[in-house]
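As structure tokens, the structure follows; a few thoughts come after it.
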Amino acid sequence: MEPLLCWPDPPPAELVRALDLAGFSSAAAGDEAAAAAGTWSGAVIDATEDAEGAFAFARALRRVEIGVAPVLVLVRGSQLADLAGRHDAFDDFCVSPFHPVELEARLAHLLARDPLASGDTETVASEDLVLNLETYQAAIETEPL
């Protein structure tokens with residue numbers, strides 16, 4: 001499985017520690033150029049310190065030339081209202097400070113939903129079409145059918 005992209009660069013130490021404990025490989029990218037230079041299984045964006053920058057970066061990841069999905073955003077409880085109207089920028093969120101087990105579960109769920117990132121050996125891919133033979137799911141360009 002490809003590493004998870006983490007933003008900002010450097011990512012918070014508690015995030016890196018939680019990802020390591022959960023067995024996820026990760027690397028930081030501080031800007032769009034760094035994100036475009038890598039191949040990622042998904043992204044974890046910490047919006048607790050710079051919400052505007054975080055959501056701008058998350059939207060940049062959705063552009064075709066970068067195309068990182070899924071995206072998990074970390075927010076403080078006081079920032080939950082800021083999520084309204086920004087659902088196009090992320091797939092899920094986790095309230096920070098987070099419990100490492102919750103973060104692991106949310107990431108596992110997101111990566112399992114994405115047929116290209118799941119690492120499932122029961123998948124067959126042909127160009128943009130991915131078939132999961134075990135779950136009978138199909139996706140074109142990572143969009144479920």
Side-chain angles (χ1 to χ4, degrees), residues 1-123 125 128-130 132 134-145:
M1 181 183 293
E2 302 295 334
L4 289 168
L5 181 149
C6 293
W7 187 91
D9 187 9
E14 63 274 4
L15 174 59
V16 173
R17 189 172 33 259
L19 292 174
D20 285 344
L21 287 172
F24 293 107
S25 63
S26 64
D31 57 27
E32 293 175 41
T39 303
W40 313 100
S41 61
V44 180
I45 298 176
D46 185 352
T48 59
E49 298 299 320
D50 178 12
E52 292 304 318
F55 286 109
F57 187 73
R59 282 196 177 97
L61 294 181
R62 299 291 197 182
R63 288 201 301 262
V64 174
E65 59 270 13
I66 300 176
V68 176
V71 175
L72 178 92
V73 176
L74 301 175
V75 294
R76 288 188 306 268
S78 61
Q79 294 174 298
L80 290 174
D82 295 342
L83 297 177
R86 294 179 168 166
H87 296 288
D88 62 320
F90 63 94
D91 298 292
D92 197 4
F93 69 92
C94 188
V95 176
S96 189
F98 54 84
H99 192 284
V101 175
E102 179 185 4
L103 181 68
E104 179 181 1
R106 287 183 179 276
L107 284 170
H109 176 74
L110 282 175
L111 295 174
R113 284 186 3 203
D114 184 354
L116 297 177
S118 67
D120 186 1
T121 58
E122 296 295 322
T123 59
D128 294 333
L129 174 66
V130 178
N132 186 320
E134 187 175 347
T135 63
Y136 301 99
Q137 294 176 323
I140 294 180
E141 296 181 347
T142 71
E143 291 295 320
L145 299 177

Show me the pairs that pass salt bridge (Lys or Arg N to Asp or Glu O under 4.0 Å) and involve residues 34-43, at least two apart or across chains.
none
Using side chain to side chain donor-acceptor pair (under 3.5 Å) as the criterion, list what pairs up with Glu2, not counting sequence neighbours.
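Once residues adjacent in sequence are excluded, Glu2 has no partner under the side chain to side chain donor-acceptor pair (under 3.5 Å) criterion.
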Smallest separation among heavy atoms of [X] and [Y], with atom names:
X     : Y     : answer
Ala29 : Ala34 : CB-CB, 3.9 Å
Val95 : Gly77 : CG1-N, 3.7 Å
Val71 : Ala58 : CG1-CB, 4.4 Å
Ala27 : Pro3  : N-CB, 4.5 Å

Starting from the C-alpha separation in whole Å, work towards a yes-or-no answer on side chain to side chain contact (heavy atoms under 4.5 Å, CB included) for Leu111 and Ser41.
CA-CA 7 Å; Leu111 295 174; Ser41 61; 4.3 Å; yes
So how far is it from [X] [atom1] to [Y] [atom2], rounded to the nearest 0.5 Å?
X     : Y      : atom1 : atom2 : answer
Leu5  : Phe57  : CG    : CZ    : 5.0 Å
Phe93 : Leu74  : CZ    : CG    : 11.0 Å
Leu15 : Ile45  : CG    : CD1   : 11.0 Å
Phe90 : Leu110 : CZ    : CG    : 11.0 Å

Any pair with a residue in residues 11-38 that passes side chain to side chain donor-acceptor pair (under 3.5 Å), sequence neighbours left out, goes on the list, sorted by first then second residue, please.
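Residue pairs passing side chain to side chain donor-acceptor pair (under 3.5 Å), neighbours aside: Glu32-Arg63.
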Residue pairs meeting side chain to side chain donor-acceptor pair (under 3.5 Å), one or both in residues 86-101, sequence neighbours left out, come to Glu52-Arg86, Arg59-Asp88, Arg62-Asp91, Asp92-Arg106
side-chain contact (heavy atoms from CB on, under 4.5 Å) with Ala108: which residues, sequence neighbours excluded?
none
With Gln79 via side-chain contact (heavy atoms from CB on, under 4.5 Å) - residues at least two apart
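Thr48, Ala51, Val75, Arg76, Asp82.
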Is the shortest side-chain heavy-atom distance between Gln137 and Pro144 below 4.5 Å?
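Counting from C-beta outward, Gln137 and Pro144 never come under 4.5 Å.
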Using a 4.5 Å cut-off on heavy atoms from C-beta on, say whether the side chain of Pro11 contacts that of Asp46.
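Not touching, per the 4.5 Å side-chain cut-off.
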Only pairs at least two apart or in different chains count here, so list each ring-ring contact (aromatic ring centres under 6.0 Å, His included) that has a residue in residues 12-56.
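ring-ring contact (aromatic ring centres under 6.0 Å, His included) check on residues 12-56 returns no pairs.
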